[in-house]
Amino acid sequence: MSKKDYYEVLGVNRDATAEDIKKAYRKLAMKHHPDRNPDNPKAESLFKEAKEAYEILSDEEKRAAYDRFGHAGVDPSQGAGPGSAGFGGMGGFSDAFGDIFGDIFGGGGGRSRQGGVYRGADLRYNLDISLEQAARGTETQIRIPTMVTCETCHGSGAKKGTTPSTCSTCGGQGQVRMQQGFFSLQQTCPVCHGSGKTISNPCGDCHGSGRTKKHKTLSVKIPAGVDHGDRVRLAGEGEHGVSGGPPGDLYVVVQIRPHSVFERDGADLHCEMPISFATAALGGEIEIPTLDGQAKLKIPAETQTGQVFRLRGKGIKQLRGSGYGDLMCHVTVETPVRLTEEQKGLLRQLESTTHGSDTHSPKAKTFMDKVRDFFNPISE
Ligand code: ZN
Ligand code: ZN
């Protein structure tokens, strides 16, 4: 059956510190150490379970992979282990997709200038998509406002029929030399701001800037398996540069809308599945939703609330590689409501035959054991 959650194994919260994790592990290791429990055959497996959980959660990288991908992210039998392909976060994406997935968002690169030539600004576009679109990949059109080279003046900023004149202050150099005592200082020309040109008759459409605001429609391809916050870079689709400078880039930031049925955890999906009390007790087959329609799930007899059934490969395609995540079905046993008198009678009859015997209630039995331990704690 499905593996127990590492945090649960150690009994710590998901935001536990390294120190908390160490403490919790030490406590469990002491408690379950096989040498200290020669009569308890379960001790060894409990000890190993705690050790495994600690090995993963005490390693920052492995813990991050586990947080994101669950057991699939760290289980060596699942192929990709921590640090290997696909689990390196954004770094992995840029390796895999080269130009499509950039790593730097709006960082630095910005405005390199060279005598009034500026690189255009990077733009960000938030793209909302559904979980289904993220799982299958999608191609969509987006409309973005951007500054483009003015068509009227072709970017010169000068009125039609006129041309910018060479700046008389700097003689077209964009830089002026100032003499201060013994020192000669070079400064950006205060008149033309470094462009080397002055416009006496500015273009009416762009008011002399050489650029106008325009909407453009772009097609964006979103690869299957993208996750919330992933970025697709469209090189050169940002704002146009100034005075012939290179354009900036456009970053499309993927935002996935919450789904009504599934919750996503990396490539895995989770869903909650209510089953009837009788199905839980007797076993049966139920229909469960998956991203590709209904699937059948066999419920074994004596299923309890909280049990998780894993449907392999019914999760989301991994962005890198050809694998798919799993679908985890968390079962909730439903208490029947609005019973008729007859139905209530049947339940009372059932209760009377099982009452007073804890062999029918494994959880209650464990709970009573815990209560006993609580009053008679094991010395540590
Ligand atoms: Zn213009
Ligand atoms: Zn000048």
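Remember, it's 1-based here, ligands and their atoms both numbered in the order they're listed.
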* To do: Would you check, one step at a time, whether the test side-chain contact (heavy atoms from CB on, under 4.5 Å) holds for L319 with D230?
  => CA-CA 11 Å; L319 193 54; D230 283 348; 4.1 Å; yes
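- For C192 atom SG and C167 atom SG, the angle they make at the Zn ion (ligand 2) is roughly 120°, to 10 degrees.
- Rounded to 10°, the angle formed at the Zn ion (ligand 1) by C206 SG and C203 SG is 100°.
- Residues R143 and Q141 have side chains not in contact (no heavy-atom distance under 4.5 Å, counting atoms from C-beta outward).
- Geometry about the Zn ion (ligand 2) gives an angle of 110° between SG of C189 and SG of C170, rounded in steps of 10 degrees.
- Taking backbone and side-chain atoms together, H207 has no N/O/S atom less than 2.8 Å away from the Zn ion (ligand 1).
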* To do: Could you give me the CA-CA distance, side-chain angles and deciding distance for D5 and Y66, then say whether side-chain hydrogen bond (donor to acceptor under 3.5 Å, both in side chains) is met?
  => CA-CA 10 Å; D5 177 67; Y66 177 74; 2.6 Å; yes
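- The local environment of CD in E342 is sparse, with at most 12 non-hydrogen atoms from other residues, nucleotides or ligands closer than 6.0 Å.
- The Zn ion (ligand 1) lies at 2.8 Å or more from every N, O or S atom belonging to H154.
- Taking every heavy atom of both residues into account, R233 and Y251 meet most closely at CD-OH, 3.3 Å.
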